[in-house]
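What follows is a set of notes on a single structure, which appears directly below.
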Amino acid sequence: MGPDLADLQRIADDAGFGLEASELGAVGALIEQGGPPPAELLGAAPDAADAEGRGAARAAAGEAPLNAWAQRLEIPGAGSGPLAGRSLAVKDCIAVAGVPLGAGTSILRDFAPAADATVVRRALEAGAGVSGTASCEALTMSGGSHTGAAGPVRNPYDESRTPGGSSTGCAALLASGAVDLALGTDVAGSVRIPAAWSGLSALKPTYGLVPCTGIFPAAPSLDHVGPMARTVADAAVLLAAMADAPDPAPVVPRPGPRPLAGLRIAVTDRPARFEIEDDVLDGFAAAREACLALGAEVVDLPPG
C-alpha cells in the first residue's frame, strides 16, 4: 500500500514541487504499479557516517566563497600509483560510499550510496585522495551555475561570472587551486563547458571507455564520466586510471623534437561561424600552429 494523496502532497511540498491534484493522482498510480515508493527506498539507504567508516560534513552555503563544495571529507588514496599525492573532487552525482549524493537538488538530501562508483574506486586505487564532493547543477541539467540547490557557484577569476556547468563545483575548485583533479560528467557539454569557461583541461571520453557504474543517470545511453584538471597531462593521467583499457596509451609526449609527429588532428571551421571573442579565436589559431610546429598533420574539416 503506497502513500495516499495527502502523503504525496506533503512529500511534493517538502521537495519544492508544486503538483496539482491530477498530477498527484498520476504519481500515486505509478507508485502502486511500480512497488515501494521512492521515499521508502531512500529511507533504506545507509547512514552517511557508517558506510566504510566514512563521515562527511555538508558544506555551508556560500562556503569557500565560491559555493563549490557539496560535502567535505578526506578519503586517503593508496600509498602509491600514478595519482599518488593528488587531491580529487567528485561531482555531486557520482557515488562516494557513505557520502550524501544530492545531484544538485534537495530531493536526494538523505540518500547516501553504499558503495563507490567504479571511477572513484579506481582513482583511490591509483593513489588520489578524495577531498569532497563538488556542487553541480540541479539533476546535472544546466550549462550555467544557477540551478543547484545550494545556490550559484562562482568563477574564481571573476566571482560575478559563472564557471560553466553542469560540473560547476569541479571547475571552480580546480581553477581556484583547491584540488588537483576532478571527476565530472558530460552528456551535452557538462565537463567541456566549465573547462572552457574556467581555463581548464577536460574531455568527454569515447562512449564505453570509462564505466558509468554508480553515476546518477541523466541519460544512460549518453552518460560519460570526464576527467578534469588544470593541465592536459594531468587529465590524461586521470583518464588512464579510470579507463577500461588493459594497456592505456602513454600519457606523456613521445621523446624527440617533434612529439606529435605521425598524428592527424582535425580542426573544425565552426569557431569562425559563431560570435566568439577575438582573443578566443586567436588562441584557437595559435593552438593550430603549435600542433603543426610539433609535427602533427592538421586537417581542416569541410564546412557543415
Exercise for the section: May I ask you to test the Leu203-Pro227 pair for a side-chain heavy-atom distance under 4.5 Å? Expected result: yes

Exercise for the section: Could you check if a side-chain atom of Leu301 sits within less than 4.5 angstrom of a side-chain atom of Val267, using non-hydrogen atoms only? Expected result: no

Fill in the blank from the handout: Heavy-atom closest pair (Pro152 atom, Asn67 atom, distance to 0.1 Å) is O-ND2, 3.1 Å

Handout entry: Shortest non-hydrogen separation from Val298 to Cys291 and the atoms involved
Key = CG2-CB, 4.2 Å

Handout entry: Linked, directly or transitively: Ile193 and Met141 (ILVMFWY side chains, under 4.5 Å)
Key = no

Practice task
Say whether, by atom type as modelled, one donor and one acceptor occur between the side chain of Glu137 and the main chain of Gly143 under 3.5 angstrom.
Solution key: no

Fill in the blank from the handout: Note: Thr105 and Ile107 closest approach over all heavy atoms is OG1-N, 3.2 Å

Exercise for the section: Taking the side chain as every heavy atom from C-beta outward, state whether Trp69 and Val153 have any pair of such atoms under 4.5 Å apart. Expected result: no

Fill in the blank from the handout: OG1 (Thr231) and CG (Leu181) are apart, to the nearest 0.5 Å, by 8.5 Å

Exercise for the section: Please check if any side-chain donor atom of Ser145 sits under 3.5 Å from a side-chain acceptor atom of Thr168, or the reverse. Expected result: no

Problem - N/O donor-acceptor pair under 3.5 Å between Thr147 side chain and Ala138 backbone - result: yes

Problem - Pair Asp244 + Arg122: basic N to acidic O under 4.0 Å - result: yes

Problem - In one Ile/Leu/Val/Met/Phe/Trp/Tyr side-chain cluster, 4.5 Å: Leu139, Val187 - result: no

Fill in the blank from the handout: CD1 (Ile265) and CG (Leu294) are apart, to the nearest 0.5 Å, by 8.5 Å

Exercise for the section: Verify the cluster assignment for Val210 and Val130: are they in a single hydrophobic cluster under the rule of side-chain heavy atoms below 4.5 Å apart? Expected result: yes

Practice task
Begin from the C-alpha positions of Leu101 and Val96 and carry the test side-chain contact (heavy atoms from CB on, under 4.5 Å) through to its verdict.
Solution key: CA-CA 8 Å; Leu101 183 157; Val96 179; over 6 Å; no

Problem - Side-chain donor/acceptor of Ser167 to backbone N/O of Gly184, under 3.5 Å - result: no

Exercise for the section: Might you confirm whether atom CG of Asp278 has over 12 heavy atoms from other residues, nucleotides or ligands at distances under 6.0 Å? Expected result: no

Exercise for the section: Calculate, to the nearest 0.5 Å, the distance between atoms CE and CG belonging to Met242 and Leu183 respectively. Expected result: 5.5 Å

Fill in the blank from the handout: In short, Pro194 meets Gly164 closest at the heavy-atom pair CB-O, 3.5 Å

Fill in the blank from the handout: When every non-hydrogen atom of Pro211 is compared with those of Leu209, the smallest separation belongs to CD-O, 4.0 Å

Handout entry: Side chains of Lys91 and Ser166, donor plus acceptor under 3.5 Å
Key = yes

Completion exercise
Smallest heavy-atom separation, Asp92 atom then Gly104 atom, equals OD2-N, 3.4 Å

Exercise for the section: Give a yes or no on whether Met228 and Trp197 share a hydrophobic cluster (residues Ile, Leu, Val, Met, Phe, Trp, Tyr; joining criterion: side-chain heavy atoms under 4.5 Å apart). Expected result: no

Handout entry: Side chains of Val99 and Gln71 in contact at under 4.5 Å (non-hydrogen atoms)
Key = yes

Exercise for the section: Decide yes or no for Arg121 and Glu125: does some side-chain heavy atom of the first lie under 4.5 Å from some side-chain heavy atom of the second? Expected result: yes

Practice task
Please lay out, stage by stage, how Thr162 and Asn155 fare under the test side-chain contact (heavy atoms from CB on, under 4.5 Å).
Solution key: CA-CA 5 Å; Thr162 172; Asn155 190 311; 5.9 Å; no

Practice task
State, with a plain yes or no, whether a side-chain heavy atom of Pro163 is found less than 4.5 Å away from one of Ser198.
Solution key: yes

Problem - Asp116 side chain to Ala97 backbone, donor-acceptor under 3.5 Å - result: yes

Exercise for the section: Could you walk me through whether Arg86 and Asp234 pass side-chain contact (heavy atoms from CB on, under 4.5 Å), step by step? Expected result: CA-CA 10 Å; Arg86 305 292 187 90; Asp234 282 350; 3.0 Å; yes

Practice task
State, without any angle test, whether Asp180 and Ser87 hold a side-chain donor-acceptor pair at a distance under 3.5 Å.
Solution key: yes

Exercise for the section: Test side-chain contact (heavy atoms from CB on, under 4.5 Å) on Leu238 and Leu83 and set out the steps. Expected result: CA-CA 7 Å; Leu238 180 55; Leu83 301 179; 3.8 Å; yes

Exercise for the section: Compare all side-chain heavy atoms of Leu239 with those of Pro205 and state whether any distance is below 4.5 angstrom. Expected result: yes

Exercise for the section: State, with a plain yes or no, whether a side-chain heavy atom of Pro217 is found less than 4.5 Å away from one of Asp223. Expected result: yes

Exercise for the section: Would you confirm whether Thr185, through its side chain, and Ile94, through its main-chain N or O, come within 3.5 Å as a donor-acceptor pair? Expected result: no

